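Written out below as structure tokens is the structure these notes cover.
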Protein chains: 2
Amino acid sequence: MSFTELLPLTDVTACCAPLTRETISAEGADKLARTLKAIADPARLRLISMVAAHEDSEACVCDLTEPLGLGQPTVSHHLKILVDAGIFSRDKRGTWAYYRLVPGALDSIAQLLVTV
Amino acid sequence: MSFTELLPLTDVTACCAPLTRETISAEGADKLARTLKAIADPARLRLISMVAAHEDSEACVCDLTEPLGLGQPTVSHHLKILVDAGIFSRDKRGTWAYYRLVPGALDSIAQLLVTV
DNA sequence: CTCGTACATCGACGCTTGTCAATTTATCTG
DNA sequence: CAGATAAATTGACAAGCGTCGATGTACGAG
């Protein structure tokens with residue numbers, strides 16, 4: 001019963017209590033920190049923004065390497081981190097790998113930070 | 001002309017475009033990443049949560065050291081990072097330094113992540 | 001003025017992270 | 001099959017980060 005493909009790390013979604021509503025547990029803090037670390041990088045923020053802006057809201061590595069100004073292995077590395085964190089999904093079609101935002105992933109994170 | 005005390009790093013508030021609405025600039029990504037890095041740590045997430053839950057929504061270092069399970073210098077270090085990022089404000093009264101959430105700081109960050 | 005307390009700062013240490021060049025794996029084409 | 005292209009993986013390196021112990025600083029009590 002491998003949930004891994006269906007719910008990569010989106011247990012962030014499962015977690016509900018906003019940070020400031022009730023005291024977070026050490027484990028919860030660890031998990032949320034890991035997710036935030038995945039986003040807390042300039043290259044990865046730009047990747048998220050670029051993929052969202054790309055046509056059909058998806059992009060392959062070759063679309064991203066040159067505008068980002070980083071090497072292909074580095075871009076692949078960042079994309080893997082985002083996939084592992086449940087932010088991106090990966091769809092391999094032929095020789096290309098297409099990445100897109102997991103719907104609701106960023107919103108789930110945002111809801112944990114909000115205080116209102 | 002030192003803005004530093006008035007606008008620690010809350011230019012995050014000034015920034016408006018959610019990540020996925022328009023393509024973020026390299027500079028914008030850098031700034032947002034710095035802010036997110038300030039939050040993307042288990043100890044600091046717990047500090048945020050603990051301060052928000054504390055009576056009068058403020059706490060001094062001595063309130064936080066023991067429940068966090070970290071040394072006093074380490075806690076001071078984390079608090080400084082949160083203050084520099086504009087998440088916490090610091091108010092020294094007598095021998096004690098009281099920290100509290102900057103109103104709207106976390107919400108500003110959350111709004112940059114949201115996709116809806 | 002002296003002592004104790006609360007906090008900040010400094011220096012050092014190990015671990016993690018971002019990046020690259022080189023290599024490997026997978027897939028399509030002829 | 002051989003060759004070419006897209007992407008993932010590996011190994012290495014410098015830089016950054018979290019933590020601690022020791023020290024410095026500011027403030028209140030006596």
Side-chain angles (χ1 to χ4, degrees), chain A residues 4-5 8 26 29-48 50-51 54 58-85 87-100, chain B residues 4-5 8-9 26-27 29-48 50-51 54 58-85 87-100:
Chain A
T4 325
E5 309 113 61
D30 237 86
K31 185 182 297 187
L32 179 51
R34 269 198 300 272
T35 304
L36 288 173
K37 271 183 204 297
I39 310 184
D41 177 90
R44 294 195 285 272
L45 287 174
R46 294 183 66 196
L47 282 174
I48 292 172
M50 290 165 58
V51 167
H54 205 265
E58 68 175 7
C60 59
V61 181
C62 56
D63 293 324
L64 304 165
T65 298
E66 186 243 339
L68 238 193
L70 293 176
Q72 173 265 316
T74 305
V75 173
S76 281
H77 170 243
H78 286 306
L79 289 169
K80 175 173 171 48
I81 291 178
L82 289 171
V83 170
D84 288 346
I87 313 287
F88 273 177
S89 64
R90 179 178 176 272
D91 178 29
K92 180 136 195 179
R93 298 202 295 272
T95 319
W96 293 272
Y98 291 92
Y99 292 86
R100 63 168 63 234
Chain B
T4 323
E5 308 111 60
L9 249 184
E27 299 76 27
D30 237 88
K31 185 182 295 183
L32 179 52
R34 269 197 301 270
T35 304
L36 288 173
K37 271 182 203 297
I39 309 184
D41 177 270
R44 294 196 284 273
L45 286 175
R46 293 181 68 197
L47 283 173
I48 292 173
M50 289 166 59
V51 166
H54 205 265
E58 68 174 9
C60 59
V61 180
C62 56
D63 293 326
L64 304 164
T65 299
E66 186 243 340
L68 238 194
L70 293 176
Q72 173 264 316
T74 304
V75 173
S76 281
H77 171 241
H78 285 307
L79 289 169
K80 176 173 171 46
I81 290 178
L82 289 170
V83 169
D84 289 345
I87 313 289
F88 273 177
S89 65
R90 180 178 177 268
D91 179 29
K92 180 137 197 178
R93 296 201 296 271
T95 319
W96 293 270
Y98 292 91
Y99 292 86
R100 66 168 60 236

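Every heavy atom of this structure was used, including side-chain atoms; hydrogens, water molecules and symmetry mates were not. Convention: sequence-line order gives letters A, B, ...; per-chain numbering from 1. Just so it is clear, the structure is predicted and the values come from calculations on it, not from any experiment.
In this structure B/Arg90 satisfies the salt bridge (Lys or Arg N to Asp or Glu O under 4.0 Å) test with no other residue, sequence neighbours excluded. For the side-chain hydrogen bond (donor to acceptor under 3.5 Å, both in side chains) test, no residue two or more places apart in sequence or in another chain qualifies with B/Ser89. Every side-chain hydrogen bond (donor to acceptor under 3.5 Å, both in side chains) that B/His78 has, sequence neighbours left out, goes to B/Arg44. For A/Asp30, the side chain to side chain contact (heavy atoms under 4.5 Å, CB included) partners two or more places apart in sequence, or in a different chain, are A/Arg34, B/Pro42.
If you walk DNA chain D from 5' to 3' and mark each nucleotide with an atom closer than 4.0 Å to a heavy atom of chain A, the marks span D/dT5 to D/dT9.
As a whole-Å value, the separation of A/Asp84 CG from C/dT16 C1' is 16 Å. C/dT17 atom P lies 14 Å from atom CG of A/Leu82, rounded to whole Å. Rounded to an integer number of Å, the gap from B/Arg90 CZ to C/dA6 C1' is 11 Å.
A close approach under 4.0 Å does not occur between any side-chain nitrogen or oxygen of B/Tyr99 and OP1 or OP2 of C/dA6.
Proximity of residues 60-67 of chain A to DNA chain C (heavy atom under 4.0 angstrom from any strand atom) is not detected for any residue.
The two residues B/Pro67 and B/Arg46 make their nearest non-hydrogen contact at O-NH2, 3.4 Å. Of all non-hydrogen atoms in B/Phe88 and B/Leu47, the two that sit nearest each other are CZ-O, 3.8 Å. For the pair B/Lys37 and A/Ala40, the tightest heavy-atom approach, listed with the atom from each and the gap, is NZ-O, 2.9 Å. Between B/Ala43 and B/Leu70, the closest heavy-atom pair is CB-CD1, 3.9 Å.
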For nucleotides 18-30 of chain C, just jot down a letter per nucleotide in 5' to 3' order: B, S or -, based on protein non-hydrogen atoms under 4.0 Å.
SBBBB----SS--
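The CG atom of B/Asp41 sits 10.0 Å away from atom CG of A/Leu36, with the distance rounded to the nearest 0.5 Å.
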Cut-off 3.5 Å, no hydrogens considered: what does the side-chain donor-acceptor table look like for residues 59-66 of chain B, sequence neighbours left out?
| residue | atom | partner | partner atom | Å |
| --- | --- | --- | --- | --- |
| B/Asp63 | OD2 | B/Cys60 | N | 3.1 |
| B/Thr65 | OG1 | B/Val61 | O | 3.0 |

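In this structure, A/Tyr98 reaches neither bases nor backbone, as no heavy-atom distance under 4.0 Å exists between it and the strands shown.
Annotation: salt bridge (charged side-chain N to carboxylate O under 4.0 Å, His left out) contacts involving residues 67-81 of chain B, sequence neighbours excluded, comprise B/Lys80-B/Asp84.
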